[in-house]
Amino acid sequence: MVVGVLALQGSFNEHIAGTLLFSHTCLISYHQYYFFLRRLGVKGVEIKKPEQLDNVSSLIIPGGESTTMAKLAEFHKLFPALREFVKMGKPVWGTCAGLIFLADKAVGQKQGGQELVGGLDCTVHRNFFGSQIQSFEADVSVPELASKEGGPETFRGVFIRAPAILEVGPEVEVLADYLVPSNKVLYSSSTVEIQEENSTPEKKVIVAVKQGSLLGTAFHPELTADTRWHSYFLKMASEVGDGASSSSIVAVGEEDPGLNQQSKIDLPVFQ
């Protein structure tokens with residue numbers, strides 16, 4: 001199995017680090033934040049040109065700045081090839097900005113909007129959780145992930161200028177949602193209007209979905225110590241029929257004890 005990672009801008013290096021294996025050895029990869037990703041025995045390659053999609057069986061569209069990514073994808077004439085990749089039923093996983101790319105509809109965009117790949121029958125609110133300084137971590141209930149990959153019933157979600165899914169179609173399976181605290185300040189990227197603290201009631205929003213061979217997460221699994229989402233996606237890819245065996249894909253839901261001495265992501269934590 002060969003997994004492509006759209007490498008225009010964003011956290012593509014972290015995804016590749018999470019899908020490569022060298023002699024079945026666990027390695028530690030550091031970027032701007034603390035994280036550790038167990039290698040899963042799969043070759044990951046960067047995708048920057050349309051023709052490179054012909055050489056991969058599945059694709060990850062990583063987090064980043066969605067408007068910038070869209071402009072770069074348009075410049076490199078990637079949108080037609082990406083849409084065809086989705087239409088062919090090949091597995092695609094979008095995280096954060098990648099989720100926005102895969103959505104059929106996006107709201108809260110900058111003036112002029114942005115081009116989308118589409119395929120996921122859902123409406124996404126860009127930057128639903130606010131600006132960069134409002135990024136946070138929270139435990140997200142993931143019963144489906146736990147039932148398939150084992151490990152705890154929650155996943156530590158890293159939300160960085162994160163979107164949220166407001167509506168889904170009948171064919172979309174909701175894998176995780178999140179109850180937004182009533183005292184959480186939300187910003188709208190389109191109107192730059194601030195909602196004062198305590199002015200919004202608690203609201204449950206969707207943060208992970210699956211539709212056929214498409215997977216979307218509003219948070220960043222590649223910036224955590226838990227590889228179950230990567231394992232889940234790779235098994236999805238295996239089921240599509242690329243000939244890879246899922247038996248060698250083992251999720252790791254626990255952190256390496258040696259990482260306890262490392263500083264973790266400096267983000268607010270919502271219980």
Side-chain angles (χ1 to χ4, degrees), residues 10-11 14-15 18 30-37 62-67 69 93-100 103 106-110 122 124-143 145-146 151-166 174-209 215-230 253-255 259-260 262-271:
S11 58
E14 286 71 25
H15 277 293
Y30 293 93
H31 187 240
Q32 187 175 354
Y33 310 108
Y34 141 84
F35 69 94
F36 169 73
L37 292 173
E65 209 291 315
S66 61
T67 305
M69 288 171 62
W93 175 19
T95 66
C96 196
L99 166 64
I100 298 172
V107 298
Q109 299 186 67
K110 293 180 179 179
C122 67
V124 170
H125 190 298
R126 180 183 182 273
N127 288 13
F128 176 87
F129 289 101
S131 63
Q132 188 78 26
I133 62 172
Q134 293 169 292
S135 300
F136 66 98
E137 292 182 60
D139 287 331
V140 178
S141 178
V142 287
L145 184 70
E153 290 286 327
T154 60
F155 186 93
R156 194 65 172 172
V158 179
F159 294 83
I160 303 176
R161 294 183 62 191
I165 301 168
L166 305 181
V174 175
L175 301 180
D177 50 34
Y178 175 66
L179 187 63
V180 182
S182 59
N183 64 346
K184 181 161 173 50
V185 182
L186 300 179
Y187 285 70
S188 169
S189 61
S190 58
T191 64
V192 199
E193 179 181 337
I194 302 176
Q195 300 175 3
E196 296 294 336
E197 249 185 78
N198 299 317
S199 67
T200 57
E202 288 188 334
K203 178 180 181 180
K204 183 177 288 187
V205 293
I206 300 167
V207 293
V209 293
L215 179 66
T217 54
F219 45 88
H220 288 265
E222 77 280 8
L223 298 181
T224 74
D226 191 333
T227 64
R228 286 180 294 165
W229 283 108
H230 284 79
E254 299 181 356
E255 297 180 3
L259 292 178
N260 292 336
Q262 304 296 333
S263 59
K264 296 188 177 183
I265 305 173
D266 187 17
L267 297 175
V269 176
F270 292 93
Q271 301 296 343

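Heavy atoms only: backbone and side chains are in, while hydrogens, waters and symmetry mates are out.
- To the nearest 0.5 angstrom, S135 atom OG is 8.0 Å from R161 atom CZ.
- Centroid-to-centroid, the aromatic rings of F155 and F219 come within less than 6.0 Å.
- Of all heavy-atom pairs between L223 and V158, the closest is O-CG2, 4.2 Å.
- Side-chain contact between D177 and V140: absent, with no pair of heavy atoms (C-beta onward) separated by less than 4.5 Å.
- In this structure, F136 and F159 have parallel ring planes: the angle between them is below the 30° cut-off, well short of the 60° mark.
- Here the SG-CZ distance, from C96 to F129, works out to 10.0 Å after rounding to the nearest 0.5 Å.
- With values rounded to the nearest 0.5 angstrom, L166 atom CG is found 8.5 Å from I206 atom CD1.
- Without hydrogens or angle criteria, R228 side chain to P152 main chain gives a donor-acceptor distance under 3.5 Å.
- Between the CH2 atom in W229 and the OG1 atom in T95 there is a gap of 11.5 Å [rounded to 0.5 Å].
- Closest approach of V209 and V174 over heavy atoms only: CG1-CA, 4.4 Å.
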Exercise. Take D139 and R156 through the test salt bridge (charged side-chain N to carboxylate O under 4.0 Å, His left out) and record every step on the way to the result.
Key: CA-CA 5 Å; D139 287 331; R156 194 65 172 172; 3.0 Å; yes

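- Separation of atoms CD1 (I160) and CD (Q134) is listed at 13.5 Å; rounding is to 0.5 Å.
- For the 3.5 Å distance criterion, the side chains of W93 and T217 qualify, holding a donor opposite an acceptor.
- Contact between A162 and A218 at its shortest, heavy atoms only, is CB-O, 3.6 Å.
- Nearest approach of P221 to T224, heavy atoms of both residues: O-OG1, 3.0 Å.
- Heavy atoms only, all atoms of each residue included: L99 and G216 are closest at CD1-CA, 3.9 Å.
- The CD1 atom of I165 sits 13.5 Å away from the NE2 atom of H125 when rounded to the nearest 0.5 Å.
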